[in-house]
Amino acid sequence: ITIEENYTFKKDGSGTMTYVVDLTELGEMLKTMGDMGVGKDDKDGEMGAMDLGGGKGALEKIGGITKVKLDTKKKWVQKLSFRFEDVNALNLALNVLMPDSSGLAQEFFRWDNGTLIRTSNRHAFEIGAGISGGGEGEGGEEAEEGFDVGAMLGSMKYKYSFKFKKDISDVASAEGVEKVNVGSKAVKLSTDWSVISKDPKALDLRIVLER
């Protein structure tokens with residue numbers, strides 16, 4: 001599994017977001033994993049509980065969210081993109097795309113004097129726990145004999161990127177998250193579920209922009 005969040009922000013706080021779910025490498029395995037909503041009799045290429053089709057319709061009803069597009073051309077890969085007018089609209093959209101079991105609304109993003117602050121819920125953590133066959137702690141420790149849970153979680157990637165109109169002066173992220181600057185106005189970050197399974201807040205970050 002690879003999940004990507006890609007953001008662009010304009011000076012007025014509006015922007016675009018593209019959410020990508022790529023199940024290519026685990027597609028055949030996911031057919032038999034009931035926890036992900038995919039059964040043995042499902043048609044090849046179906047995304048089960050990771051399908052973004054329902055999310056598209058829900059996003060189109062949110063005020064401040066426009067230009068919602070869903071790309072399903074590639075088997076086992078879906079890309080959902082949209083425009084948001086501010087972080088309030090963005091947060092509403094992300095609560096649709098990335099809910100957790102609490103059922104509570106999450107403030108994923110907020111601005112604080114030129115600093116963009118990301119605060120995650122348990123969505124990513126719970127995906128890892130469901131796949132590895134457990135609950136709390138290390139993303140689940142129960143697995144079939146001979147199945148390497150650590151290797152499985154390590155193969156599952158989470159990537160996110162941010163692009164701004166202003167220069168970035170600093171990016172603070174969790175331990176285990178790799179960071180690559182792309183010029184002065186963009187940054188790419190990546191980690192895997194072996195990190196997320198130990199720290200549900202591994203995807204939190206702070207990006208400080210030049211004033």
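Position 1 is the first residue of the sequence, and the numbers go up from there. No hydrogens, no waters, no symmetry mates; every other heavy atom, side chains included, goes into these values.
Within 6.0 Å of NZ on Lys69 lie no more than 12 heavy atoms contributed by other residues, nucleotides or ligands.
For Glu126, the salt bridge (Lys or Arg N to Asp or Glu O under 4.0 Å) test picks out Arg122, with sequence neighbours left out. A search for side chain to side chain contact (heavy atoms under 4.5 Å, CB included) contacts involving Lys188 returns Ser161, Val182, not counting sequence neighbours.
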Discussion item. Run Leu209 and Ile168 through side-chain contact (heavy atoms from CB on, under 4.5 Å) and show every step you take.
Written reply: CA-CA 4 Å; Leu209 302 182; Ile168 298 171; 3.9 Å; yes
Discussion item. For a side-chain contact (heavy atoms from CB on, under 4.5 Å) check, start with the C-alpha distance between Phe9 and Trp111, then their side-chain angles and the critical distance, and finish with the verdict.
Written reply: CA-CA 12 Å; Phe9 285 89; Trp111 286 101; 3.9 Å; yes
Worksheet item: Should Asp204 and Ser120 be marked as a side chain to side chain donor-acceptor pair (under 3.5 Å) after you check the CA-CA gap, both sets of side-chain angles, and the distance that decides it?
Response: CA-CA 6 Å; Asp204 288 8; Ser120 304; 3.1 Å; yes
Discussion item. Between Leu104 and Asn121, does the side-chain contact (heavy atoms from CB on, under 4.5 Å) criterion hold? Intermediate values first, please.
Written reply: CA-CA 9 Å; Leu104 301 175; Asn121 62 3; over 6 Å; no
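Counting heavy atoms from C-beta outward, Ile127 and Ile196 have side chains that stay 4.5 Å or more apart. No side-chain heavy atom of Tyr160 sits less than 4.5 Å from a side-chain heavy atom of Glu4. Annotation: side chain of Thr24 is not in contact with side chain of Lys75 (no heavy-atom distance under 4.5 Å). Side-chain contact check for Tyr7 versus Arg118: some heavy-atom pair is nearer than 4.5 Å. Within the 4.5 Å cutoff, no side-chain heavy atoms of Leu205 are placed close to those of Lys179. Between Met98 and Glu5, some side-chain heavy-atom pair lies under the 4.5 Å cut-off. Between Leu94 and Tyr19, the closest side-chain pair of non-hydrogen atoms is not below 4.5 Å. Within the 4.5 Å cutoff, the side chain of Phe108 has no heavy atoms near those of the Val87 side chain.
The CG atom of Leu90 sits 10.0 Å away from the CG atom of Asn95 when rounded to the nearest 0.5 Å. Considering NZ of Lys10 and CZ of Arg83, their distance stands at 6.5 Å, rounded to 0.5 Å. Taking OG1 of Thr119 as the start and CG of Leu203 as the end, the distance is 11.0 Å to the nearest 0.5 Å. Atoms OH and CG, on Tyr158 and Leu189 in that order, are 11.5 Å from each other to the nearest 0.5 Å. Note that the CZ atom of Phe84 and the OG1 atom of Thr8 stand 6.0 Å from one another [nearest 0.5 Å]. Lys79 NZ to Leu70 CG: the interatomic distance, rounded to the nearest 0.5 Å, is 11.5 Å.
Nearest approach of Lys201 to Ala174, heavy atoms of both residues: O-CB, 4.5 Å. Lys56 and Leu80 make their closest contact through CB-CD1, 4.0 Å (heavy atoms, listed as atom of the first residue, atom of the second, distance).
Counting only N and O atoms by type, the side chains of Asn6 and Thr18 include no donor and acceptor under 3.5 Å apart.
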